[in-house]
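In what follows, residues are counted from 1 in the order of the sequence shown.
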Amino acid sequence: MASIEPLEITGNELVHLLGSQPDQYPCAGCVVLDCRPFLDFSLAHIYESRNVNWNSMLRRRSKSSVVALEWLIPDKSLLGRLRRAEFSAVVVLDEGSRCVKELKPESVVKMLLSALQNETQTQICFLQGGFEGFSEAYPDLCCLSASEDPAVEAEPTGTGRRTPAYDRDGPVELLPFLYLGSALHSSRRETLTAAGITAVLNVSSTCPNFYEGDFEYLRLTVEDSLAADIGACFSTAIAFIDSVKQRGGRVLVHCQAGISRSATICLAYLMHTQRVKLDEAFDFVKQRRQVISPNLAFMGQLLQFETDVLCRG
């Protein structure tokens, strides 16, 4: 396959690419691949861009100087579209590099450019100044994720019960199709409807499935105890969430409080699909729901899962 040298473009040129209508091309317009760490990307990124990362554990295990595109792109659908040249252009960026020449050979962005050159026939572009330069010039084209800072005080309800402050605003969105919340959220039809929830993953032994027949349910019977083997549920939970995503739905993952069991499942899903380490996934989720706190046994199982996921292949 012929190698296509990257074309360095300015932020203004990227704006024009983003504004181009897909029907002007024989393929689907451009795709923007952001090589910054997952946590940085989750806090701020160009609209519709996709995150690309290769964790340090896989890098250490790699004996080859040639990096395959599939190692960098965990999304098989996107990988297939790149290999079939379904985009008019692929725009690659990092935090703030000014040109291709200054990229370090071991950097993710350099490895991605090389893999794209080796495996695709699409025009490859490199954004001069990276996300830092683009976001300063075009903030309206960037998505900023405001971190939540919920208080711990509670408010009275009509029944005399008190709703924790962290549950007042509904479940939190982790990914466009993945929400994390509590049994309270799962019990409120209006809350589920407002979030566009179509499926519920109930990670508990006591919380009822409130609206069976209206939503798709999967119950994983797990106690929040040091003896519970929640790791045995990871593959089932991941498959369920993926199936909802593939059908264009949204899934709420909840337990009783949305603190330990459901948070553990969401962390496992992020580690598996985004191929990130536990600490990075934990920071990502905690910024959105500060009260998460998987019990000690669950954290140990997540650490084992991290090794299984990141060392696989």
Side-chain angles (χ1 to χ4, degrees), residues 1-11 13-14 17-18 30-76 78-79 81-83 87 89-138 141-143 270-271 273-281 283-284 306 309-313:
M1 187 176 292
S3 176
I4 302 175
E5 288 300 319
L7 173 67
E8 296 184 1
I9 64 172
T10 64
E13 289 171 318
L14 175 55
L17 276 176
L18 294 173
C30 77
V31 61
V32 179
L33 302 181
D34 188 325
C35 296
R36 295 176 301 141
F38 173 65
L39 186 57
D40 292 344
F41 175 85
S42 69
L43 294 174
H45 56 267
I46 298 172
Y47 280 111
E48 303 301 325
S49 61
R50 310 289 287 272
N51 187 224
V52 174
N53 62 76
W54 198 33
N55 64 77
S56 57
M57 204 174 295
L58 270 179
R59 288 187 223 180
R60 289 195 296 270
R61 286 172 58 88
S62 175
K63 302 291 193 296
S64 171
S65 59
V66 178
V67 176
L69 196 58
E70 64 183 342
W71 297 351
L72 298 162
I73 309 287
D75 186 327
K76 290 183 172 56
L78 175 59
L79 177 64
R81 296 184 69 190
L82 288 168
R83 285 176 168 166
F87 299 102
V90 180
V91 181
V92 177
L93 63 95
D94 62 2
E95 182 61 42
S97 298
R98 294 166 296 180
C99 62
V100 173
K101 286 184 178 179
E102 74 176 36
L103 299 176
K104 296 180 179 179
E106 69 275 11
S107 67
V108 174
V109 64
K110 181 64 174 177
M111 289 188 288
L112 177 61
L113 288 171
S114 298
L116 288 168
Q117 287 177 259
N118 291 334
E119 299 185 41
T120 69
Q121 294 180 314
T122 304
Q123 176 62 63
I124 305 164
C125 303
F126 176 77
L127 179 62
Q128 296 171 331
F131 179 76
E132 182 179 6
F134 187 86
S135 61
E136 288 179 1
Y138 304 99
L141 296 180
C142 299
C143 174
L270 289 169
M271 290 161 63
T273 59
Q274 304 299 321
R275 291 195 289 203
V276 294
K277 297 180 71 172
L278 174 58
D279 57 356
E280 198 169 356
D283 288 345
F284 172 79
E306 173 188 77
V309 168
L310 300 187
C311 291
R312 192 174 298 147

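Annotation: side chain of Leu78 is in contact with side chain of Leu33 (closest heavy-atom distance under 4.5 Å). Using a 4.5 Å cut-off on side-chain heavy atoms (C-beta onward), Tyr47 and Leu18 make no contact. Under the 4.5 Å side-chain criterion, counting only non-hydrogen atoms from C-beta, Cys35 is in contact with Val92. Residues Thr120 and Val90 have side chains not in contact (no heavy-atom distance under 4.5 Å, counting atoms from C-beta outward). For the pair Val109/Leu93, no side-chain contact is recorded, criterion being any heavy-atom separation below 4.5 Å from C-beta on. Looking at heavy atoms from C-beta onward, Val31 lies in side-chain contact with Leu82 at the 4.5 angstrom threshold. Side-chain contact check for Leu141 versus Leu14: every heavy-atom pair is 4.5 Å or farther apart. Residues Leu69 and Leu112 meet the side-chain proximity criterion, which asks for heavy atoms closer than 4.5 Å.
Annotation: the span from Lys110 atom NZ to Lys101 atom NZ amounts to 11.0 Å, rounded to 0.5 Å. From Phe87, atom CZ reaches atom CZ of Arg81 across 3.5 Å, with rounding to the nearest 0.5 Å. Rounded to the nearest 0.5 Å, atoms SG (Cys142) and CD (Glu136) are 10.5 Å apart. Expressed to the nearest 0.5 Å, how far CD1 of Ile124 lies from CG of Leu7 amounts to 10.5 Å. Separating the NE2 atom in His45 from the CZ atom in Phe38 is a distance of 10.5 Å, to the nearest 0.5 Å.
Panel note: side chain Glu13, backbone Thr10; a donor-acceptor pair is recorded below 3.5 Å. Although no hydrogens or angles enter the test, the distance criterion places no donor-acceptor pair under 3.5 Å between the side chain of Arg36 and the main chain of Gly130. Between the side chain of Glu280 and the main chain of Leu39, a donor-acceptor pair closer than 3.5 Å is present. For Asn51 (side chain) and Asp34 (main-chain N/O), a donor-acceptor pair under 3.5 Å exists by modelled atom type. Under the 3.5 Å distance criterion, the side-chain polar atoms of Glu132 are left unmatched by any main-chain donor or acceptor of Gly96.
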Open item on the list: Applying side-chain contact (heavy atoms from CB on, under 4.5 Å) to Glu48 and Val32, what does each step give before you reach the verdict?
Closed with: CA-CA 7 Å; Glu48 303 301 325; Val32 179; over 6 Å; no

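Taking the six-membered ring where tryptophan is involved, the planes of Tyr138 and Phe134 are tilted, since the angle between them lies from 30° to 60°.
Within a 6.0 Å radius of CD in Glu8, more than 12 heavy atoms belonging to other residues, nucleotides or ligands are found.
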